[in-house]
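Ligands are counted one by one from 1 in listed order, and the atoms in each one are counted from 1 as well. Start at 1 with the first residue, then count along the sequence.
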Amino acid sequence: MGPPGVGKGPQAVQLQALLGVPHVSTGNILRAAIQEDGSPLGPKVRQFVEGGRLVPDGLMGDLIAERLGRKDAAAGFILDGFPRTLEQVVILDGVLGRLGLELDKVLMLSAPESESVRRLSGRRTCPKCGSVFHLESRPPAAVGVCDACGSMLVQRPDDTEQVIRERMRVYADQTLPVAAAYRAKGLLIEINGFGDVTAVRERLTSGLGRA
Ligand code: AMP
């Protein structure tokens, strides 16, 4: 967990390699559906994602049940961006109960809002392979071109200033109560997400007891 721009995605990618379990990012799944021609989900979710609003819980519940039910998730997974509402906490409990699984820990990254906004507004992503760059802190070798696959980089439609503000508001209103629910269950570990990627990764692995 953590507010938009705190670095959940890049950290989850690194933890995926360390733990050998898949990184399940609901944002990535939704963006892939929007890009994919003929996806039944894409047109239903586009307006929510691009406007920085949450996709309805019912749709998210179907999506997460399908994803966590796949074979590669049977031995564990890193959830990134789900659950984001109290209703999704209930949905996730139901899905995990049916699969005979439990959450081990809920890691919450935090950073000053000004740092998150800086990271989001300078972020550029590759629409083809998903690589993420930053205009100042991780610029691509050639301006506007993905180092990994050579495609033209884009700014996510929800990384514009107005939509960033909406995403921050939604996080405070709908997702902070999720943190409180996991704190009450004794699962929440709060981690300082400010600093370079390696320093934050070390805090996360020590929070997981893997340092
Ligand atoms: P993210 O990549 O995690 O920042 O997610 C990007 C966008 O996808 C969010 O602003 C929402 O519009 C949508 N989204 C991702 N995860 C969820 C979720 N668990 N519930 C509702 N909408 C979501």
Legend entry - Heteroatom proximity flag, Gly81 to ligand 1, N/O under 3.5 Å: yes
Inset, instruction - Spell out, as yes or no, whether a donor-acceptor pair under 3.5 Å connects the side chain of Ser131 to the backbone of Cys126. - result: no
Inset, instruction - Report the part of Arg156 (side chain from C-beta onward, or backbone N, CA, C, O) that has a heavy atom under 4.0 Å from ligand 1; answer both or neither where that applies. - result: side chain
Legend entry - N/O separation below 3.5 Å, Leu54 to ligand 1: no
Inset, instruction - Answer yes or no: are there more than 12 heavy-atom neighbours, outside Phe77 itself, under 6.0 Å from its atom CZ? - result: yes
Inset, instruction - Using a strict cut-off of 4.0 Å, indicate which atoms of ligand 1 neighbour a heavy atom of Arg167. - result: 4 (O)
Legend entry - Gln88: which of Asp57, Asp93, Thr175 passes side chain to side chain donor-acceptor pair (under 3.5 Å): Asp57
Inset, instruction - Output the list of atoms in ligand 1 that are nearer than 4.0 Å to some heavy atom of Thr26, sorted by atom number. - result: 15 (C), 16 (N), 17 (C), 19 (N)
Inset, instruction - Specify the protein heavy atom at minimum distance from atom 22 (N) of ligand 1: its residue, its atom name, and the distance to 0.1 Å. - result: Val55 N, 3.0 Å
Inset, instruction - Pull out every atom of ligand 1 sitting under 4.0 Å from any heavy atom of Phe48, numbered as shown with elements. - result: 12 (O)
Inset, instruction - In sequence, state the C-alpha distance, the side-chain angles, and the governing distance for Asp158 and Arg156, and then conclude on salt bridge (Lys or Arg N to Asp or Glu O under 4.0 Å). - result: CA-CA 5 Å; Asp158 58 343; Arg156 270 173 48 173; 2.9 Å; yes
Inset, instruction - In sequence, state the C-alpha distance, the side-chain angles, and the governing distance for Val24 and Ile78, and then conclude on side-chain contact (heavy atoms from CB on, under 4.5 Å). - result: CA-CA 6 Å; Val24 175; Ile78 301 160; over 6 Å; no
Inset, instruction - Under 4.0 Å from a heavy atom of Leu30: give me the atoms of ligand 1 that qualify, with their elements. - result: 8 (O), 13 (C), 14 (N), 15 (C), 23 (C)
Legend entry - Gln16 atom CD, neighbour heavy-atom count above 12 within 6.0 Å: yes
Inset, instruction - Using salt bridge (Lys or Arg N to Asp or Glu O under 4.0 Å) as the criterion, point out the one residue from Arg124, Arg118, Arg123 that pairs with Glu136. - result: Arg118
Inset, instruction - Please verify whether a non-hydrogen atom of Arg31 lies at under 4.0 Å from ligand 1. - result: yes
Legend entry - Nearest neighbour in protein (non-hydrogen) for atom 7 (C) of ligand 1: Val49 CG1, 4.0 Å
Inset, instruction - Please could you name the atoms of ligand 1 that Arg53 approaches to less than 4.0 Å, counting only its heavy atoms? - result: 11 (C), 12 (O)
Inset, instruction - Could you check which of Gln47, Arg46, Lys8, Arg84 puts a non-hydrogen atom nearest to atom 1 (P) of ligand 1? - result: Arg84
Inset, instruction - Could you list which atoms of ligand 1 come closer than 4.0 Å to a heavy atom of Gln88? - result: 18 (C), 19 (N), 20 (N), 21 (C)
Inset, instruction - Treat each ILVMFWY residue as a node, draw an edge where side-chain heavy atoms are under 4.5 Å apart, and state whether Leu96 and Ile64 are in one component. - result: yes
Legend entry - Geometric N/O contact Asn28 with ligand 1, under 3.5 angstrom: no
Legend entry - Crowding at CD, Gln155 (>12 non-hydrogen neighbours, <6.0 Å): yes
